[in-house]
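One structure is given here, and the rest of the page talks about it.
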Amino acid sequence: MKFFIEKNKKNTDRVTINIPKKIVSNELIREFIEINKKTKINGFRKGKTPIKIIQEKYGNRVYYDVFNQLMQKFFYEFIKKEKIKIIGLPKYVMHENEDQKEYFKYSVNYEVYPKFEIKDVNLIKVEKIIVNIKDEDVKKNIEKTASYEKDIWNKVNRAIKTNDLVTINYCIYENNKKLDKFNVEKFKFIVSQNNFIPELNNKLINHFTNDVIFFKINFCKFHPEEELQGKDITFKIKILNVEEKQENIEIEKNIKTIKINKLSKLNYQTIKNNIIEKIKSLTQNHLQNQIIKQLIIKNPINIPPTLLREETNFLRNKFIKEYKEKQENILKKKYHTNLESKAKTRLHIKLIIEKIIRDNKISVNEEKVELLIKKISLKYKKPLEIINIYKKNTMLRKTIKNIELEMQVMQFLIKKVKIIEKNWTLDEIMNYNWKNNEELFA
């Protein structure tokens, strides 16, 4: 069998394959004989019809089926022999075969997983945050939390500032046509302390109660609301109310005193442990994200179009499901995200992780999988039931195995990179804007 491979730089390859005509003829005859055995044609006994008549009657369908089967068979023999991992469905193209005496020629276009090497891991420098938690810091944190639980808001007659609580009505228009289904009334939120698009927060600053504001945005093509995707939408906002938080030192002082006095040693230790766990999670994610981001920069990968399309569709479906289940607001910032860019980053990380696992022969540690399941189960009221669910559900267990593998990959990378320790206070870590530090790793 002859194969001619053409490669290009965009992960799409093309192979030309010659199938000997003798193989094709033998397959056609075999298929016609099988049809003859099962078919009765007028004037002939079952199985006794001349092959030429069977060929005339069923030829076109048989030719198509046989060629289709042979093209697939020889192509998959080729990728098995060459150890090629393809993505998606290959596309078959027949050639003009009039001049060919011995062969039928066809080509296959297919996408391949990108080949790359992980480079410069030892050149990566990352910052590891160290937080020394003191009892006085924990008490301050409890006091701060206590004061937040009793926020008092008072109506004000002044221009809106950051951190004000506003109440608005809004409606939207496309090409001056009002879209009534998206009308929202008495919508409350704190300015600049929310998850909405920046345009909303920016437009409200310096405006007053009863002001009417207009602003236009182009909706992302991936937005869960199909009617709004990729469209220029005008918002009309009416400010109904503006409030500011009351800063009453005496009230706050009394609340803090009551809260702290009520704390038992057991409660205090629980709060302290929760703070430690939260900090551990934040600092670990911060360290991992730095490593992943630098790996992506140092190891660029040309993501195949099919993979990107599949991942983008997966994220889109996930967004739509979440949006509907939570009945989210159309202004939520996360739904104005470029999903192709997000999908590309996710695939980049996935390919790097898979490469590290293969190159370093990292395998699943079943003991650690059990420990991970046990740790997850402790977050529920009936841990044993959760453990049994994970034992019986193959997909859930596979997910945990993947997480355990990725944890091993991260431990492998942490040992390779250069880590610079940096001391932070509890206040610094609690007040840091972690929203911009999206968790990239599992």
Side-chain angles (χ1 to χ4, degrees), residues 10-12 85-89 111-114 116 182 194-200 217-233 281-282 284-286 288-297 299-357 376 393-407 409-410 433-442:
K10 293 185 178 179
N11 299 311
T12 304
K85 190 176 180 183
I86 69 167
I87 303 165
L89 295 172
E111 285 186 51
V112 295
Y113 274 83
F116 61 96
F182 297 107
N194 53 62
N195 296 313
F196 303 121
I197 56 174
E199 289 89 343
L200 173 67
I217 63 166
N218 178 261
F219 266 68
C220 172
K221 67 177 180 178
F222 300 108
H223 196 279
E225 290 289 356
E226 207 170 319
E227 292 174 59
L228 307 179
Q229 290 172 358
K231 293 181 179 177
D232 289 323
I233 300 296
S281 175
L282 287 172
Q284 184 71 8
N285 288 340
H286 181 62
Q288 291 176 171
N289 284 353
Q290 291 175 83
I291 295 172
I292 290 296
K293 284 175 181 177
Q294 290 200 46
L295 272 175
I296 290 172
I297 292 168
N299 299 278
I301 302 171
N302 191 8
I303 303 295
T306 299
L307 270 187
L308 183 58
R309 192 162 52 248
E310 288 173 357
E311 187 69 17
T312 303
N313 286 336
F314 167 77
L315 289 178
R316 181 192 283 116
N317 292 334
K318 187 179 175 184
F319 261 34
I320 292 169
K321 184 182 176 185
E322 182 188 72
Y323 178 83
K324 288 179 179 177
E325 285 177 353
K326 294 183 179 180
Q327 296 183 324
E328 296 277 32
N329 189 283
I330 60 172
L331 287 161
K332 268 286 186 76
K333 186 179 177 181
K334 68 183 292 183
Y335 299 113
H336 293 261
T337 305
N338 183 338
L339 289 186
E340 279 184 355
S341 176
K342 195 177 180 74
K344 195 173 283 188
T345 301
R346 281 168 57 97
L347 286 169
H348 209 139
I349 295 167
K350 182 184 175 184
L351 290 168
I352 286 174
I353 289 170
E354 288 176 350
K355 177 70 173 169
I356 292 171
I357 289 170
I376 291 167
N393 191 309
T394 308
M395 288 301 294
L396 279 175
R397 193 168 182 86
K398 185 180 177 182
T399 301
I400 297 299
K401 285 183 177 182
N402 288 339
I403 291 172
E404 195 280 320
L405 268 177
E406 290 175 3
M407 288 168 70
V409 169
M410 187 46 66
N433 185 8
W434 294 104
K435 286 181 184 178
N436 295 329
N437 195 52
E438 181 189 3
E439 187 175 343
L440 297 174
F441 205 69

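Here the structure is a predicted model, which is why all the values come from computation and not from measurement.
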Apply the test side-chain contact (heavy atoms from CB on, under 4.5 Å) to residues L200 and N194: give CA-CA distance (whole Å), side-chain angles for both, the deciding distance (0.1 Å), then the verdict. CA-CA 10 Å; L200 173 67; N194 53 62; 5.6 Å; no
At what distance, to the nearest 0.5 angstrom, does [atom1] of [X] lie from [atom2] of [Y]?
X: E111; Y: L89; atom1: CD; atom2: CG; answer: 10.5 Å
X: K344; Y: E311; atom1: NZ; atom2: CD; answer: 12.5 Å
X: I303; Y: R346; atom1: CD1; atom2: CZ; answer: 12.5 Å
X: I291; Y: H286; atom1: CD1; atom2: NE2; answer: 10.5 Å
X: E340; Y: L347; atom1: CD; atom2: CG; answer: 11.5 Å
X: I357; Y: N402; atom1: CD1; atom2: CG; answer: 7.5 Å

Decide side-chain contact (heavy atoms from CB on, under 4.5 Å) for F219 and H336; before the verdict, give the C-alpha distance in whole Å, the side-chain angles of both, and the deciding distance to 0.1 Å. CA-CA 7 Å; F219 266 68; H336 293 261; 3.5 Å; yes
I'd like to know if the side chain of [X] and the backbone of [Y] have a donor-acceptor N/O pair within less than 3.5 Å.
X: Q288; Y: M410; answer: no
X: H348; Y: L295; answer: no
X: H223; Y: I330; answer: yes

Return yes if a side-chain donor-acceptor contact under 3.5 Å exists between E225 and Y323, otherwise no. yes
To check you understand the geometry: which heavy-atom pair defines the closest contact between [X] and [Y], and what is its length?
X: G230; Y: N218; result: O-ND2, 3.4 Å
X: T312; Y: A343; result: OG1-CB, 3.5 Å
X: F196; Y: N329; result: CE2-CB, 4.3 Å
X: I353; Y: V409; result: CG2-CG2, 4.0 Å
X: T337; Y: C220; result: O-SG, 3.1 Å
X: L339; Y: F222; result: N-CD1, 3.4 Å

Show, in sequence, the C-alpha distance, side-chain angles and deciding distance for R309 and T306, and conclude whether the side-chain contact (heavy atoms from CB on, under 4.5 Å) test is met. CA-CA 5 Å; R309 192 162 52 248; T306 299; 3.4 Å; yes
Could you check whether any side-chain heavy atom of E328 comes within less than 4.5 Å of a side-chain heavy atom of F319, counting everything from C-beta outward? no
Flag side-chain contact, heavy atom, 4.5 Å: L228 against F182: yes
Would L351 and F116 satisfy side-chain contact (heavy atoms from CB on, under 4.5 Å), going step by step from the backbone distance to the final call? CA-CA 9 Å; L351 290 168; F116 61 96; 4.1 Å; yes
